[in-house]
Amino acid sequence: PDPVKGYGAPKRAAKITSTKKRKTGELIYDVAYTMDKNGLRITPENVAQADHPVWFFGCSFAVGEGVNDEETLPYLFSAKTGLKTYNFGFHGYGPHQMLRMLETTYIADIDPRTPSLVFYIAISVHIERAAGLVLWDKDGPNYILDGDTAIYAGKFSDGNIVGRYADKIA
């Protein structure tokens, strides 16, 4: 559980191995995820500490599911440009997690500097995630529209979760 994002890696350094196989037993990937003291997937440390870092947000594509640390997009970007990057992505995240991190002190508590660039890696199913229509994100940040403005309205689980899945029942 995470009070800002609904769920995520704990705020501590860790190395996690992940293996995925096909039903036939054929190996798809066998990788290690290294998380820093903030629970973020690592990026290069030996880069210039520019005045403004680069932030990456998104889901498994941003965090780098199925690839080793040095193969993630934020890591490769940092290695190529020499800029400090932060990988705020995580498995199953959507735009509502990014928005909540930006609205709270979550990022400033890690690094208070203003970014020079911000990337959000999006896929079409992020629409369903932001609407609370996925089972794994029951405590994710819920937003409602007030005119043209998205307003934080608590966690998805604060509302009628059963109603969110009614259209999914076959």
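Expressed to the nearest 0.5 Å, how far OG1 of Thr81 lies from CG of Leu117 amounts to 8.5 Å. Within the model, atoms OG1 of Thr19 and CG of Leu27 stand 6.5 Å from one another, a figure rounded to the nearest 0.5 Å. Atom NZ of residue Lys5 and atom CE of residue Met101 lie 5.5 Å apart, to the nearest 0.5 angstrom. Atom CD of Glu128 sits about 10.0 Å away from atom CD1 of Ile123, to the nearest 0.5 Å. Separation of atoms CG (Asp2) and OH (Tyr106) is listed at 6.0 Å; rounding is to 0.5 Å. The NZ atom of Lys155 lies 4.5 Å from the CG atom of Asp139; values are rounded to the nearest 0.5 Å.
Nearest heavy atoms, Ala32 versus Arg41: O-NH2, 3.3 Å. Across Arg129 and Asp137, no two heavy atoms sit closer than the pair O-OD2, 4.4 Å. The two residues Val31 and Gly66 come nearest to each other via the heavy atoms CG1-O, 3.4 Å. Nearest heavy-atom pair across Pro53 and Asp111 is CG-OD2, 4.0 Å. Looking at every heavy atom in both residues, Pro74 comes nearest to Thr85 through O-OG1, 3.3 Å. For Val54 against Ser116, the heavy-atom pair with the smallest separation is CG2-OG, 3.7 Å.
Within the structure, salt bridge (Lys or Arg N to Asp or Glu O under 4.0 Å) contacts touching residues 95-106 (residues at least two apart or in different chains) are Arg100-Glu103.
Considering only residues two or more places apart in sequence or on other chains, Tyr75 meets the side chain to side chain contact (heavy atoms under 4.5 Å, CB included) condition with Pro44, Glu70, Thr72. Tyr152 is linked by a side chain to side chain donor-acceptor pair (under 3.5 Å) to nothing, counting only residues two or more places apart in sequence or in another chain. By the side chain to side chain donor-acceptor pair (under 3.5 Å) test, Thr24 pairs with no residue at all, sequence neighbours left out. Under the side chain to side chain contact (heavy atoms under 4.5 Å, CB included) criterion, Ile42 pairs with Thr34, Asp36, Asp69, sequence neighbours left out. Contacts of Ser124 classified as side chain to side chain donor-acceptor pair (under 3.5 Å), with partners at least two apart in sequence or in another chain: none.
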**Asked** How far apart are the C-alpha atoms of Thr43 and Asn87, what are their side-chain angles, what is the distance that settles it, and do they pass the side chain to side chain donor-acceptor pair (under 3.5 Å) test?
**Response** CA-CA 7 Å; Thr43 56; Asn87 187 344; over 6 Å; no
**Request:** List the steps and the verdict of side chain to side chain donor-acceptor pair (under 3.5 Å) for Glu65 and Tyr33.
**Result:** CA-CA 9 Å; Glu65 183 167 343; Tyr33 302 136; 5.2 Å; no
**Request:** Report the C-alpha separation of Leu40 and Phe90 in whole Å, then their side-chain angles, then the decisive distance to 0.1 Å, and conclude whether the side-chain contact (heavy atoms from CB on, under 4.5 Å) test is met.
**Result:** CA-CA 8 Å; Leu40 304 177; Phe90 200 71; over 6 Å; no
**Message:** Quick one, Leu145 with Ile151, criterion side-chain contact (heavy atoms from CB on, under 4.5 Å). Give me CA distance, side-chain angles, the key distance, then yes/no.
**Reply:** CA-CA 6 Å; Leu145 282 178; Ile151 304 293; over 6 Å; no
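Under the 3.5 Å distance criterion, the side-chain polar atoms of Trp136 are matched with a main-chain donor or acceptor of Gly92. The closest donor-acceptor contact from the side chain of His52 to the backbone of Thr114 lies under 3.5 Å. Judged by distance alone, the side chain of Ser78 and the main-chain N or O of Leu83 form a donor-acceptor pair under 3.5 Å.
Hydrophobic clustering keeps Leu99 apart from Ile144 (ILVMFWY residues linked when any side-chain heavy atoms are closer than 4.5 Å, directly or through intermediates). Linking ILVMFWY side-chain heavy atoms closer than 4.5 Å, directly or via other members, places Met35 and Ile107 in a single hydrophobic cluster. Placement of Ile110 and Met98 within a single hydrophobic cluster is found when ILVMFWY residues are connected by side-chain heavy-atom separations under 4.5 Å, directly or transitively. When the side chains of ILVMFWY residues are joined at heavy-atom separations under 4.5 Å, either directly or via intervening members, Leu102 and Val118 end up in a single hydrophobic cluster. In the hydrophobic cluster analysis, where Ile, Leu, Val, Met, Phe, Trp and Tyr join through side-chain heavy atoms closer than 4.5 angstrom, Phe77 is grouped together with Ile121.
Remark: aromatic rings of Tyr7 and Tyr93 are close, center separation under 6.0 Å. Residues Phe156 and His96 place their aromatic rings such that the two centres sit under 6.0 Å apart. Between Phe57 and Tyr120, the ring center distance fails the sub-6.0 Å criterion. Residues His126 and Phe61 keep their aromatic ring centres 6.0 Å or farther apart.
A cation-pi arrangement is present between Lys84 and Tyr86 under the rule of less than 6.0 angstrom and at most 45 degrees off the ring axis.
The 12-atom threshold is not exceeded at NZ of Lys20, counting heavy atoms of other residues, nucleotides or ligands nearer than 6.0 Å. Within 6.0 Å of CD1 on Ile127 lie no more than 12 heavy atoms contributed by other residues, nucleotides or ligands.
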